[in-house]
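Structure record follows, encoded as C-alpha cells.
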There are 2 protein chains.
Amino acid sequence: MDIPATFPTVLRELLRTHQAFLAYAASHVHKLDLTLPQFDVIITLGNTPGMPYKKLGEKTLITKGTLTGVISRLEDKGLVQRVASETDGRSQSIRLTEAGNDLYERTFSEHLLFIGRLFASYSPEDIHALEGHLRRLHEAILSTQKKTQLPQ
Amino acid sequence: MDIPATFPTVLRELLRTHQAFLAYAASHVHKLDLTLPQFDVIITLGNTPGMPYKKLGEKTLITKGTLTGVISRLEDKGLVQRVASETDGRSQSIRLTEAGNDLYERTFSEHLLFIGRLFASYSPEDIHALEGHLRRLHEAILSTQKKTQLPQ
DNA sequence: GAAAAATAGTTCTGATTAGAACAATAAATA
DNA sequence: TATTTATTGTTCTAATCAGAACTATTTTTC
C-alpha cells in the first residue's frame with residue numbers, strides 16, 4: 001500500500017482554510033454583537049415561516065445539545081422565539097421575531113457582499129471546480145467512514 | 001456588482017467537509033483516550049527535540065490560551081513535559097516524555113494509514129489539484145482580510 | 001390496546017475556542 | 001542606563017462543541 005506523501009499537507013490546508021474563513025466571517029458578524037453560530041441561525045431562519053428544531057440543526061451543522069444554548073441566547077436577545085408544535089408534543093418550531101426579521105433584512109445582503117468579496121477573483125467555473133473538489137473529498141470521507149464502522 | 005449565486009454553497013461544503021474530516025479523525029484518536037488537539041500536539045512533537053511554545057501553537061493552529069490547557073492535560077497524562085529555556089526566562093520548550101514518545105512511535109504510522117484511506121481513490125495529481133484549490137481560497141481569504149483591515 | 005422502540009429537546013460534563021487582561025521577562029530606544 | 005515597547009505564557013470569561021444521560025412524547029409492533 002503506497003500512501004501519497006502529500007496528503008497530510010492537503011488536510012492541513014483544509015484546516016487552515018477553514019479557520020481563515022471563520023475568522024473572516026466572524027470579524028463581520030461580531031459587529032452585530034452576535035456569534036457566528038447565532039448569526040448562522042438567523043440567516044437560516046430568514047425568509048422562512050420558521051422550522052423545526054431538528055431541521056435547523058441539520059442546516060447549521062449545530063448539534064442539538066449546542067443548539068439549545070444558541071437558541072436560548074437568541075431568545076434572550078429577543079431575536080427568535082420557540083413555538084410549540086400543534087401536532088407533535090415533543091417538537092417546537094423556531095422562528096424569527098419581528099426584531100429578528102428586521103436584523104435579518106438589515107444585515108443579510110451586506111453580509112453576502114462581505115463574503116462575496118472572497119470570490120472576487122473567481123469565475124463561476126472556478127467556484128464550480130472548487131465545489132466539486134470539496135464535494136469529492138467529503139464523499140470520500142463519508143464512504144470511508146461507513147466502511148470503517150463495520151470493519152472486517 | 002454581480003455575485004455568483006453559488007458561493008454560499010461552496011462555503012457550506014467547506015464547513016461540512018471540515019466537520020466530516022474531524023469526526024473521522026477523532027473516531028480514531030479517541031481510542032487512545034486523547035482529544036484531537038492533544039494528539040495533534042503529540043504528532044507535532046514526534047521526532048523533534050521539542051519546540052518552543054509559540055512554534056507549537058503555529059503548527060497546530062492552537063491559540064496560546066488554549067494551548068496552555070492542552071499541554072497541561074498532556075502533562076498530567078505524563079506524555080509531554082515543559083522545559084524552561086536557558087536563554088529566555090519567558091520561554092519554555094515542550095517535548096515528549098519517554099511515554100509520549102512511545103505512544104507516538106506506536107500509533108503514528110497507524111494513524112497515517114487510517115487517514116490515508118480517505119485518499120484511496122485519489123491519484124497524486126488529484127491530491128495536488130485539491131491542494132491547489134484550497135490554497136487559492138486560503139490566500140484569497142487572507143488577502144481580502146488584509147484589504148478589509150484598513151478600509152477606505 | 002399495551003409494551004417496546006424511536007424521536008425531540010433538555011441538561012450535564014469535559015474539552016476546546018477566541019479574545020482580553022495580566023504578569024514576567026527581554027529587547028529597543030533614547 | 002532608564003524608559004518604553006514587545007514578547008511569552010498564564011489566567012479568565014463567555015460561548016461552542018461532541019457525546020452521553022435523561023424526560024416526555026410519539027410511533028411501532030405485537
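A note on names: the letters A, B, ... follow the listed sequences, proteins ahead of strands, and every chain is numbered from 1.
In terms of phosphate contacts, Ser91(A) brings a side-chain nitrogen or oxygen within less than 4.0 Å of OP1 or OP2 of dG9(C). Arg82(B) has a side-chain polar atom (N or O) that falls below the 4.0 Å cut-off from OP1 or OP2 of dT10(D). Look at Gln19(A) and you won't find any side-chain N or O under 4.0 angstrom from OP1 or OP2 of dT17(C).
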If the sugar-phosphate is the primed atoms plus P, OP1 and OP2 and the base is the rest, what is the B/S/- string for nucleotides 21-27 of chain C, using protein heavy atoms under 4.0 Å?
-> ---BBS-
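Less than 4.0 Å separates DNA chain C from at least one heavy atom of each of the following residues of residues 51-63 of chain B: Ile62(B), Thr63(B).
Residue Thr68(B) is classed as a base contact, given a heavy-atom separation below 4.0 Å to a base. In this structure, Thr35(B) reaches the sugar-phosphate backbone alone: every heavy-atom distance under 4.0 Å involves primed, P, OP1 or OP2 atoms, never a base. Within the nucleic acid shown, Gly65(B) comes within 4.0 Å of at least one base atom, counting heavy atoms only.
In this structure, Glu139(B) does not pair ionically with Arg135(B), as no charged nitrogen and carboxylate oxygen lie closer than 4.0 Å. Arg136(B) has a carboxylate O that lies under 4.0 Å from a charged side-chain N of Asp126(A), or vice versa, which qualifies the two as a salt bridge.
Proximity of the aromatic rings of Phe39(B) and His28(B) is defined here by a centroid distance below 6.0 angstrom, and this criterion is not met.
A donor-acceptor pair under 3.5 Å links the side-chain atoms of Ser85(B) to the main chain of Thr87(B), judged by distance alone. Remark: side-chain polar atoms of Thr63(A) are not paired, donor with acceptor, to backbone N or O of Gly65(A) under 3.5 angstrom.
One atom, CG of Leu74(B), and another, C1' of dA15(C), lie 12 Å apart when rounded to the nearest Å. The CG atom of Asp33(A) sits 11 Å away from the P atom of dA15(D) (whole-angstrom rounding). What separates CZ of Phe21(B) from P of dC17(D) is a distance of 18 Å, to the nearest Å. The distance from atom CD of Gln38(B) to atom P of dT17(C) is 10 Å, rounded to the nearest whole Å. One can place CG of Leu36(B) at 12 Å from C1' of dA18(D), the figure rounded to the nearest angstrom. Distance, Leu34(A) CG to dA15(D) C1': 13 Å, rounded to whole Å. Rounded to an integer number of Å, the gap from CD1 of Ile71(A) to P of dT11(C) is 14 Å. Here the P atom of nucleotide dG19(D) and the CG atom of Leu22(B) are 11 Å apart, to the nearest Å.
In the model, Tyr53(A) has a side-chain atom that pairs as donor or acceptor with a side-chain atom of Thr68(A) under 3.5 Å. Remark: the Arg82(B) side chain and the Ser72(B) side chain contain an N/O donor-acceptor pair separated by less than 3.5 Å.
Shortest non-hydrogen contact noted between Val29(B) and Thr35(B) is CG1-O, 3.6 Å.
Both Ala26(B) and Val70(A) lie close to DNA chain D; mapped to their nearest nucleotides by heavy-atom distance, the more 5′-ward contact belongs to Val70(A). For Lys77(B) and His30(A), each mapped to the nucleotide of DNA chain C holding its nearest heavy atom, the one lying further toward the 5' end belongs to Lys77(B).
By the 30° and 60° cut-offs, the orientation of the rings of Tyr122(B) relative to Phe119(B) is perpendicular.
Distance check: His111(A) NE2 to Arg106(A) CZ gives 14.5 Å after rounding to the nearest 0.5 Å.
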